[in-house]
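What follows is a short report on a single structure.
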Amino acid sequence: MVKKDKIELLGIGISELEEFVTSLGEARFRGRQIHKWIYQKDEDSFYAMSDLPKELRAKLDEVAIISFPKVLKQRVSKDGTRKYLLEFPDKKRVETVLIPQRNDNEKDIRYSLCLSTQVGCPVGCAFCATGLNGFQRNLTAGEIVGEFLSSRRELKKKVKLKHEQPISNVVYMGMGEPMFNYDEVIKSIYILNDHKGINIGQRSITISTSGDVKGIEKLALENLQVTLAVSLHACDNELRDKLVPINRKYPLESLFKAVEFYIAQTNRRVTFEYVMLDDVNISRKDADNMIKLVKPLLANVNLIPYNEVEGLPYQKPAKDKILQFYNWLVEGGLNVTIREEKGADIEAACGQLQAKR
Ligand code: SAH
Ligand code: SF4
């Protein structure tokens with residue numbers, strides 16, 4: 001006899017769950033109960049769903065499965081950042097990072113969750129650890145949401161928190177280029193946003209792209225209230241070709257045209273991320289080029305002092321050079337922030353994710 005594959009329920013919405021339970025001959029509201037268990041109580045075992053009849057739990061376990069990624073390993077930074085190594089059923093691994101938001105009251109602390117969208121990354125930026133081992137596969141929307149649920153469940157196990165909802169923000173800034181996995185990423189946003197489920201506000205979600213123009217144009221037309229972050233890193237094509245290879249396909253002119261289109265369509269402020277590499281991209285000339293490009297736009301600049309990666313030749317600039325570059329930009333009229341380094345002691349900072357350890 002051929003063994004029937006179990007139906008994967010992770011990533012499935014409320015109406016599909018209702019359909020599913022009616023197909024088993026059960027009442028629709030059972031679908032709503034299961035939905036609540038998965039997306040509000042982070043539960044992946046039917047046997048733990050205590051408001052379902054025992055026979056139904058056994059039946060569900062026979063025909064369906066909820067595949068939360070397994071937490072293989074976790075590391076906690078001295079600044080409270082938590083990094084999880086997660087494994088999917090096919091043994092592929094990614095990392096997610098929970099970053100505590102600044103808050104004076106320890107118990108009231110809430111976190112930003114940094115999600116991965118691909119196993120590895122095909123873009124291969126010169127300074128990034130994720131691209132080092134090439135690209136393996138895209139994650140499904142269910143797997144991306146699974147990163148959220150496994151991380152939250154683990155966090156709640158380890159830390160006594162006041163908030164029912166300890167994760168206030170989600171950033172698509174982990175491993176992978178989100179726009180290269182566009183449909184699943186958008187689907188995952190709708191699942192995270194579902195007010196009957198996880199209920200993360202769209203405005204609390206940020207998608208970061210290395211500059212995939214087609215993706216930016218599509219996102220502009222989605223009617224979503226999420227924040228777009230664009231990894232700029234260089235303001236002349238010659239340097240950007242080297243640092244962010246997607247620039248050879250979509251040079252700065254086409255990237256900025258897409259960003260202008262995005263702003264015109266959405267009327268939303270865009271963030272430009274800029275990794276600061278010593279002696280590479282932080283000269284006066286680089287600052288002037290950035291001011292010219294960014295000042296006309298509804299945009300912020302987020303400077304990211306480089307987090308060093310073993311085996312790569314780049315270095316983090318000294319503090320005074322970071323401040324100098326920041327001041328040039330501010331004097332030039334830009335809205336600039338410097339990203340606080342979090343989790344570097346556990347290789348959880350931006351661009352340090354590799355899913356090896
Ligand atoms: N793939 C997406 C999301 C990446 S992570 C993207 O490239 O936009 C978020 C930011 O961290 C990006 O701007 C990325 O370029 C940057 N980054 C990558 N490696 C880094 C490193 N080692 N140090 C600091 N920032 C890094
Ligand atoms: Fe991929 Fe982003 Fe790393 Fe570039 S910076 S290699 S796009 S994950």
Side-chain angles (χ1 to χ4, degrees), residues 81 83 94-97 99 112-139 144 147 169-182 185 205-213 215-216 219 226-235 239-250 255 258-259 270-278 280-282 290 299-317 322 337-344 346-355:
T81 299
K83 178 166 87 164
V94 297
E95 290 179 321
T96 64
V97 183
I99 307 141
S112 240
L113 176 63
C114 180
L115 291 175
S116 294
T117 55
Q118 300 183 309
V119 184
C121 181
V123 179
C125 297
F127 47 84
C128 173
T130 300
L132 281 178
N133 305 315
F135 169 68
Q136 300 192 38
R137 71 168 175 87
N138 282 327
L139 298 185
I144 296 169
E147 290 178 57
N169 293 73
V170 171
V171 295
Y172 287 81
M173 291 190 185
M175 304 169 65
E177 167 50 54
M179 298 299 189
F180 286 179
N181 188 14
Y182 188 87
V185 165
I205 298 177
T206 299
I207 306 184
S208 175
T209 176
S210 56
D212 177 46
V213 161
I216 295 171
L219 187 66
V226 298
T227 299
L228 171 68
V230 176
S231 295
L232 189 56
H233 308 330
C235 295
L239 180 59
R240 198 161 187 274
D241 278 351
K242 285 189 205 135
L243 295 180
V244 190
I246 196 176
N247 196 67
R248 297 175 206 151
K249 186 166 181 200
Y250 299 118
L255 176 61
V259 172
V270 166
T271 299
F272 286 104
E273 296 160 286
Y274 196 90
V275 61
M276 303 175 82
L277 308 167
D278 197 23
V280 173
N281 65 350
I282 54 165
M290 196 197 303
N300 298 325
V301 172
N302 189 214
L303 298 174
I304 316 173
Y306 185 55
N307 299 307
E308 292 178 14
V309 175
E310 218 182 287
L312 295 181
Y314 299 99
Q315 271 153 10
K316 177 182 179 157
I322 294 174
T337 49
I338 302 178
R339 191 177 295 182
E340 216 184 313
E341 180 185 271
K342 293 271 186 163
I346 56 165
E347 277 108 11
C350 294
Q352 293 186 317
L353 303 185
Q354 258 181 317

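Keep in mind that what you see is a predicted model, and the values were worked out from it rather than measured. Worth knowing before you read on, the calculation uses all heavy atoms, side chains too, and leaves out hydrogens, waters and symmetry mates. Residue numbers count from 1 along this sequence. Counting starts at 1 for both ligands and their atoms, in listed order.
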For [atom], which protein heavy atom lies nearest, and how many Å away is it?
{"atom": "atom 9 (C) of ligand 1", "result": "Glu273 OE2, 3.5 Å"}
{"atom": "atom 16 (C) of ligand 1", "result": "Ile304 CD1, 4.2 Å"}
{"atom": "atom 5 (S) of ligand 1", "result": "Met173 O, 3.0 Å"}
{"atom": "atom 3 (C) of ligand 1", "result": "Ser208 OG, 3.6 Å"}
{"atom": "atom 1 (N) of ligand 1", "result": "Gly176 O, 2.8 Å"}
{"atom": "atom 19 (N) of ligand 1", "result": "Gly351 CA, 2.9 Å"}
{"atom": "atom 17 (N) of ligand 1", "result": "Phe127 CE1, 3.8 Å"}
{"atom": "atom 11 (O) of ligand 1", "result": "Cys350 CB, 3.6 Å"}

Working for side-chain contact (heavy atoms from CB on, under 4.5 Å), residues Ile216 and Leu255: CA-CA 9 Å; Ile216 295 171; Leu255 176 61; 3.7 Å; yes
In ligand 1, which numbered atoms sit nearer than 4.0 Å to a non-hydrogen atom of [X]?
{"X": "Thr209", "result": "6 (C), 8 (O)"}
{"X": "Val275", "result": "24 (C), 25 (N)"}
{"X": "Tyr306", "result": "21 (C), 22 (N), 23 (N)"}

Which pair of non-hydrogen atoms, one from [X] and one from [Y], has the smallest distance, and what is that distance?
{"X": "His233", "Y": "Leu243", "result": "O-CD1, 3.7 Å"}
{"X": "Tyr306", "Y": "Phe127", "result": "OH-O, 2.7 Å"}
{"X": "Leu232", "Y": "Cys235", "result": "CD2-SG, 3.8 Å"}
{"X": "Ser116", "Y": "Leu139", "result": "O-CD1, 3.4 Å"}

Option set Ala229, Ala344, Ser231, Pro178, criterion heavy-atom distance to atom 6 (C) of ligand 1, minimum: Ser231
Under 4.0 Å from ligand 1, counting heavy atoms only, is it the side chain of [X], its backbone, both or neither?
{"X": "Val309", "answer": "side chain"}
{"X": "Asn307", "answer": "both"}
{"X": "Tyr314", "answer": "neither"}

Main-chain N/O of [Y] paired with [X] side-chain donor or acceptor, under 3.5 Å:
{"X": "Tyr182", "Y": "Leu219", "result": "yes"}
{"X": "Glu95", "Y": "Gly174", "result": "no"}
{"X": "Tyr274", "Y": "Asn281", "result": "yes"}

Heteroatom count (protein N, O or S) under 2.8 Å of atom 3 (Fe) of ligand 2: 1
Gly174 N/O to ligand 1 N/O under 3.5 Å: no
Heteroatom distance test (His233, ligand 1): nitrogen or oxygen, under 3.5 angstrom: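 Looking only at distances, the answer is yes, because the N/O contact criterion of under 3.5 Å is met.
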For Arg339, salt bridge (Lys or Arg N to Asp or Glu O under 4.0 Å) partners two or more places apart: Glu273
By salt bridge (Lys or Arg N to Asp or Glu O under 4.0 Å) - contacts of Asp241 (at least two apart):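 Checked Asp241 against salt bridge (Lys or Arg N to Asp or Glu O under 4.0 Å); zero matches.
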Sequence-distant partners of Phe272, ring-ring contact (aromatic ring centres under 6.0 Å, His included), two or more places apart: Phe256
Cys125 to ligand 1, any heavy atom closer than 4.0 Å: no
Using 0.5 Å steps for rounding, measure from the [atom1] atom of [X] to the [atom2] atom of [Y].
{"X": "Leu312", "Y": "Cys125", "atom1": "CG", "atom2": "SG", "value": "11.0 Å"}
{"X": "Asn247", "Y": "Leu239", "atom1": "CG", "atom2": "CG", "value": "9.0 Å"}
{"X": "Ile144", "Y": "Thr96", "atom1": "CD1", "atom2": "OG1", "value": "12.5 Å"}

Stepwise side-chain hydrogen bond (donor to acceptor under 3.5 Å, both in side chains) test for Thr117 and Glu177: CA-CA 7 Å; Thr117 55; Glu177 167 50 54; over 6 Å; no
